[in-house]
Amino acid sequence: MAQIADVIKYEGDNSTFIWKHPCEDFNSLTQLIVHESQEAIFFMNGQALDLFGPGRYTLETQNIPKIGKLLNRSTGGDTPFHCEVYFINKTVQMAIKWGTDSKVRFIEPTYGVPLELGASGEMNLMVSDPRKLLIKIVGTMNGIAWDDRTSGGFTKSLSSSFRPLISTAVKTNLSACIKANNINILEIDESLSLLSDVLKQQIIPGFEEYGLTIPEFYVTTVVLPESDPSFKRIRELHTISLQQKMIAAEAAIKTAQAESAAVVTAAERQAVLERETTATEIARREAERDIIRAQAEAQATKLSGFAEAEVMRAKGYTEKDVIQAGVQAAYAEGIGNMTITGGGGGVAGDMIGLGVGMAAAGAVSGPMSEMFKGMGAGFATESQPAAKITCPNCNSEVPENSKFCLECGTKIEILGENEMLCPACGKKTAKGKFCMECGASLVAKCPKCGAELPNGAKFCLECGEKLQ
């Protein structure tokens with residue numbers, strides 16, 4: 001007779017952590033199906049033997065070596081054997097709720113008032129060691145889940161098993177964590193993440209001891225004693241303190257704004273002052289440079305004049321001597337070419353011409369000079385042209401006795417011995433210090449020291465300034 005293989009699998013409630021297959025007698029051709037989120041453990045004679053991961057298995061000795069050694073198979077290979085199969089759910093059980101079974105005593109550190117707190121939240125739970133969970137928690141039960149499942153044949157739940165552990169760990173560490181981290185009880189919601197991390201580290205070791213682990217643990221609510229008069233008073237004082245802090249913060253903000261505005265204003269004023277100071281300093285330095293430059297030029301000119309005067313004195317003559325020497329040279333050059341214009345010639349004419357030239361050059365003096373000057377009246381040399389004057393309008397040279405300029409037609413004033421042309425208005429006036437026509441000064445002055453200058457001077461006799 002042909003043998004039909006049995007199939008062992010679990011596709012039930014996903015919230016169950018461990019489930020025991022109800023069939024305990026299998027033959028050697030039984031098919032075992034383990035889903036991706038499961039593991040299966042074979043028990044034989046009360047001993048955990050083989051662990052099967054996800055897949056499909058035929059129960060043969062080569063597939064289950066530990067069980068195969070204990071099987072007493074007949075020749076036909078259809079003798080059944082007695083085993084137990086447990087399916088372990090490896091998925092993470094999400095949002096499992098927890099809470100303290102009673103209030104937690106807490107002494108408020110600021111006012112020393114005793115308060116009672118409660119805490120609750122959620123956690124995620126999963127199997128980390130199936131063999132340890134089976135041996136220590138499940139035993140010979142049909143399975144186990146977090147909640148009570150008596151209708152499913154479970155006589156025990158993880159919730160009832162671990163509720164005391166969670167409650168004790170939370171009540172022991174909640175108050176200590178609040179005090180250690182200086183958490184304000186009225187602002188405790190801001191520190192729920194911190195409380196969750198601290199309590200998780202205290203609870204995990206107890207679960208891992210039984211083959212379970214907690215990937216996430218959350219404190220979602222800390223229950224405050226709202227009806228407690230002491231707590232109400234603490235809340236009122238906290239509200240007043242917050243208001244005072246807000247007022248102080250607003251005052252501090254206004255003060256800071258005023259200080260910032262004052263700093264900005266002072267900075268702007270400082271910037272303006274620095275710009276003005278810089279401009280003034282630049283102008284002052286420029287003026288100082290101009291003064292220094294002018295003083296340097298004046299000093300150089302003065303030194304040049306002094307040097308020229310010293311050279312002349314060292315040579316034993318003055319500027320007048322230089323001028324007379326030039327005139328004498330000019331006249332001496334033309335002495336041999338003189339002729340008498342009024343008639344006569346020969347030696348007499350040459351002598352007269354010589355006397356006139358010597359008188360003009362200052363070579364003779366006294367009665368001889370006057371005599372030759374008289375003799376020379378009406379004579380002219382061929383080498384020296386007749387005297388000329390300058391037109392006051394166009395500065396063209398015209399003959400000395402001309403009445404009008406040959407270039408522009410301006411009338412030429414005939415100047416007497418004590419007369420001159422005013423350099424300001426150009427009219428004839430008596431020699432003196434001021435023009436009789438326009439009142440302009442007729443006396444030349446040094447542009448540096450203001451001293452009066454003789455006609456034709458090239459240097460100031462007072463300060464040595466070189467004249468234009």
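In this text, all values refer to a predicted model and were calculated from it rather than measured experimentally.
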CG of Leu133 to CZ of Arg131, rounded to nearest 0.5 Å, is 12.5 Å
Regarding Thr91 and Gln93, is there a side-chain donor-to-acceptor distance under 3.5 Å anywhere? yes
Whether Thr265 side chain and Ala261 backbone form a donor-acceptor pair below 3.5 Å: yes
Quick one: pull up CD1 in Ile33 and CD in Glu11 and give me the separation to the nearest 0.5 Å. 7.5 Å
Is Lys171 close to Asp101 at the side-chain level, that is, under 4.5 Å between some pair of heavy atoms? yes
Begin with the C-alpha distance, continue with both residues' side-chain angles, and end with the deciding distance and a verdict on side chain to side chain contact (heavy atoms under 4.5 Å, CB included) for Glu84 and His21. CA-CA 7 Å; Glu84 296 172 334; His21 196 280; over 6 Å; no
Any pair with a residue in residues 207-217 that passes salt bridge (Lys or Arg N to Asp or Glu O under 4.0 Å), sequence neighbours left out, goes on the list, sorted by first then second residue, please. Lys136-Glu209
Taking atom OG1 of Thr239 and atom CG of Leu237, what is their separation to the nearest 0.5 Å? 8.5 Å
Step-by-step side chain to side chain contact (heavy atoms under 4.5 Å, CB included) determination, Val104 to Glu116: CA-CA 5 Å; Val104 179; Glu116 291 185 349; over 6 Å; no
Over all atoms of both residues, closest heavy-atom pair of Met436 and Thr429: N-OG1, 3.1 Å
If you count every heavy atom of other residues, nucleotides or ligands that lies below 6.0 Å from Lys448 atom NZ, does the total exceed 12? yes
Please check: side-chain N/O of Ser175 versus main-chain N/O of Arg105, any donor-acceptor pairing under 3.5 Å? yes
Non-hydrogen side-chain atoms of Lys179 and Phe106 separated by less than 4.5 Å: yes
Would you call Asp50 and Ile41 a side-chain contact if the rule is heavy atoms closer than 4.5 Å? no
Can a side-chain donor-acceptor contact be found between Lys232 and Ser227 if the only test is distance below 3.5 angstrom? no
Mind listing the closest non-hydrogen atom pair of Lys9 and Trp19 along with its distance? O-CZ3, 3.9 Å
Show the nearest heavy-atom pair for residues Asn124 and Met94, with the distance to one decimal. OD1-CA, 3.3 Å
Which pair of non-hydrogen atoms, one from Gly118 and one from Thr100, has the smallest distance, and what is that distance? CA-OG1, 4.1 Å
Nearest heavy atoms of Leu195 and Cys177, plus distance in Å: CD2-SG, 3.4 Å
Between CG of Asp228 and CZ of Arg235, what distance do you get to the nearest 0.5 Å? 11.5 Å
Determine yes or no for a side-chain-to-main-chain donor-acceptor pair under 3.5 angstrom, with Asn181 supplying the side chain and Ile183 the backbone. no
Any salt bridge linking Arg293 with Asp290? Criterion: basic side-chain nitrogen under 4.0 Å from a carboxylate oxygen. yes
Heavy-atom closest pair, residues Pro215 and Val92: CG-CG1, 4.4 Å
Salt bridge check: are Lys254 and Glu250 linked by an N-O gap of less than 4.0 Å? no
Using side-chain heavy atoms (C-beta onward) and a distance below 4.5 Å, is Ile178 in contact with Val222? no
My understanding is that only residues two or more places apart in sequence, or in another chain, count here; which of them pass side chain to side chain contact (heavy atoms under 4.5 Å, CB included) with Thr168? Thr172
Would you find a donor on one side and an acceptor on the other, under 3.5 Å apart, between the side chain of Thr221 and the backbone of Ser120? no
More than 12 heavy atoms of other groups within 6.0 Å of Glu36 CD: no
Thr16 and Asn89: side chain donor to acceptor below 3.5 Å: no
Would you say the side chain of Leu32 lies within less than 4.5 Å of the side chain of Phe42, judging by non-hydrogen atoms? yes
For Glu122 and Thr220, indicate whether the former's side chain and the latter's backbone hold a donor-acceptor pair under 3.5 Å. no
Salt-bridge contact Arg285-Glu288 (side-chain N to carboxylate O under 4.0 Å): no
Near Lys103 NZ, under 6.0 Å, is it more than 12 heavy atoms from other residues, nucleotides or ligands? yes
Would you compute the distance between atom CG of Leu199 and atom CD1 of Ile204 and round it to the nearest 0.5 angstrom? 11.0 Å
More than 12 heavy atoms of other residues, nucleotides or ligands under 6.0 Å from CZ of Arg289: is that the case? yes
Under the ring pair (Phe, Tyr, Trp, His ring centres under 6.0 Å) rule, what pairs show up with a residue in residues 172-214, not counting sequence neighbours? Phe162-Phe207, Phe162-Tyr210
CG of Leu117 to CZ of Phe231, rounded to nearest 0.5 Å, is 8.5 Å
Assess the residue pair Thr278 and Ile282 against the criterion (side chain to side chain contact (heavy atoms under 4.5 Å, CB included)); give the C-alpha distance rounded to whole Å, side-chain angles, the decisive distance to 0.1 Å, and a yes or no. CA-CA 6 Å; Thr278 301; Ile282 292 174; 3.8 Å; yes
If the threshold is 4.0 Å, N to carboxylate O, is there a salt bridge linking Lys445 and Glu452? no
Side chains of Ser160 and Ser157 only: does a donor on one sit below 3.5 Å from an acceptor on the other? yes
Is any side-chain heavy atom of Val170 closer than 4.5 Å to a side-chain heavy atom of Trp98? yes
Worked verdict on Leu134 versus Phe43 for side chain to side chain contact (heavy atoms under 4.5 Å, CB included): CA-CA 11 Å; Leu134 269 171; Phe43 276 76; 3.7 Å; yes
Could you tell me whether the side chain of Lys90 reaches within less than 4.5 Å of the side chain of Ile88, counting heavy atoms only? yes
Given 3.5 Å as the limit, does a donor-acceptor pair link the side chain of Ser196 with the main chain of Val219, or not? yes
Okay, side chain of Tyr111, backbone of Ile107: is any donor-acceptor separation there less than 3.5 Å? no
